[in-house]
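What follows is a single structure, written as structure tokens, with notes after it.
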Number of protein chains: 2
Amino acid sequence: MPPSRRDELVETAMRVFYRHGFNATGIEKVLREAGISRMTLYNHFKSKDELIAAALRRRDETFRNKMYKFIGARATGPAERILAVFDFGEQWFCSDEFCGCMFINASAEFPDRDCAIRRVASEHNRAIASYLLEQCREAGLRDPELVARQLHILFEGACARANVMDAVEGGEEAFRATSFAARDAAALVINTAKTTPSTAA
Amino acid sequence: MPPSRRDELVETAMRVFYRHGFNATGIEKVLREAGISRMTLYNHFKSKDELIAAALRRRDETFRNKMYKFIGARATGPAERILAVFDFGEQWFCSDEFCGCMFINASAEFPDRDCAIRRVASEHNRAIASYLLEQCREAGLRDPELVARQLHILFEGACARANVMDAVEGGEEAFRATSFAARDAAALVINTAKTTPSTAA
DNA sequence: ATACATATAGACCGATCAGTCTATTCCACC
DNA sequence: GGTGGAATAGACTGATCGGTCTATATGTAT
């Protein structure tokens, strides 16, 4: 069946808000690009904030689906899957549509930690965190909670570093170097947790 | 000598934009909080964007000064200094005024990689990067460029992770756990670069 | 005292914003 | 062929925005 009006709206909102920011983008622009009328929006959502929250939920869904599919296509074991996360990051950073992590961006624009939008962003990060934790456990790593946190930090850090670069330094090589460094550090963290009995001094 | 009107304006702009975001904050609010009139702003700056750029430059200056002072007070060698960066991060994340990295936030709100604001953010990150690189070289680490990049990713990643948490999970323990994980990984990366001849598989 | 640079309050502009309302059209279902 | 729910266009509101302008006040140096 064809996508509902609501689906098209959320999809377009996701794309436009991701590309141009939340506060900087008016409702009008989203409606124009979706070819949808004003009242249709307000029949489905009470406010712009609710549309943003829905767009973030959609982003969480599609992003994780793409990531899991990417990983599943080229990794079998848990350690391989973890490293594939960073390969996924590399091709993402180098793609044209890369505008940083949409959830980091949302947290930047909505400073109130209690608001609904932040809660959606937080849910996404919990999902990523528990995926990493699951892989760490499955790999039989020592202190999987710590390692999963470190992997998460490396991934988000690579993402943030890739996004903060300006036009002159932000070429494809820089993105590749960033994701390579993150992946290399991830491999080090994993291998250390496989073998040695204590953390580094 | 007392701070100039311009200084007070930039200082207030830095604080208010950091706390409430750039696009979400009107000029009016900055002026009210600084006790400064509208025309004074536009005598010193051509536009809001220029004020934002100046606020970011100020932020770069004060942030790095505080960080370097913090580090200098509790570390002597280069490796110690690198780890102290993460201790600095910990007390920053746990402080009341923490609203994420202002430069990551700026990159989130101004997607155009060519704009002046992004260039200022990029400059700040280059300064941090070269500080880390300097420490890595001074410590005699193998492949200092790679290690410095990894440390930078860990720091920014910890910062991003700390900021994306919502009100329920974002307690002080979570901030401490995040910065501990980053510091632990940093120590591992450094120690590995001190001794072993090749990176992890 | 006079002159000058600087800051002030506050009106004002055009534009844009989120959100509401009305009147019309479309289309699937009976 | 008619009925009803859903989508449409577009006017409208009140507020806020960034930025300009004018007229007044202040303070300092000669």
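As the structure is a prediction and not an experimental result, all values here were calculated from the model. Heavy-atom basis, side chains included; hydrogens, waters and symmetry copies ignored. Proteins come first, then strands; the chains are lettered A, B, ... in the order of their sequence lines, and each starts at number 1.
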Notebook entry, point to check: In this structure, are over 12 heavy atoms from other groups packed under 6.0 Å from A:Arg19 atom CZ?
Noted result: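 Count not over threshold, so no.
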*Residues two or more places apart in sequence or in another chain: which of them pass side chain to side chain contact (heavy atoms under 4.5 Å, CB included) with A:Arg5?*
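A:Arg5 satisfies side chain to side chain contact (heavy atoms under 4.5 Å, CB included) with A:Glu8, A:Ile36, A:Thr40 only.
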Neighbours of DNA chain C within residues 20-42 of chain A, by heavy-atom distance under 4.0 Å:
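Close to the strand are A:Thr25, A:Gly26, A:Ile27, A:Arg38, A:Met39, A:Tyr42.
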- Item | Stretch residues 46-56 of chain A: residues that reach within less than 4.0 Å of DNA chain C through a heavy atom |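 Residues of residues 46-56 of chain A under 4.0 Å from DNA chain C: A:Ser47, A:Lys48.
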- What integer distance in Å separates A:Arg5:CZ from C:dC27:C1'?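 Atom CZ in A:Arg5 sits about 13 Å away from atom C1' in C:dC27.
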- [ ] Quickly work out the B:Asn43 CG to D:dT20 P distance and round it to whole Å.
- [x]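 For the pair B:Asn43 CG and D:dT20 P, the rounded distance is 11 Å.
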Between A:His44 and D:dA7, is there a contact of a side-chain N or O with OP1 or OP2 at under 4.0 Å?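 Checking A:His44 against D:dA7: at least one side-chain N or O falls below 4.0 Å of OP1 or OP2.
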Non-hydrogen atoms of [X] and [Y] that approach each other most closely:
| X | Y | result |
| --- | --- | --- |
| B:Phe45 | B:Ala54 | CE2-CB, 3.6 Å |
| A:Trp92 | A:Gly100 | CZ2-O, 3.4 Å |
| B:Phe22 | B:Glu109 | N-OE2, 2.9 Å |
| A:Arg113 | A:Arg118 | CG-NH2, 3.6 Å |

Closer than 3.5 angstrom, by distance alone: can the side chain of A:Gln150 be matched with the main-chain N or O of B:Ala181 as a donor-acceptor pair?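 Here the side-chain-to-backbone pair exists.
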Exercise. For A:Phe88 and A:Phe63, what are the C-alpha separation, side-chain angles and deciding distance, and is it a ring-ring contact (aromatic ring centres under 6.0 Å, His included)?
Worked result: CA-CA 11 Å; A:Phe88 175 76; A:Phe63 180 86; 5.5 Å; yes
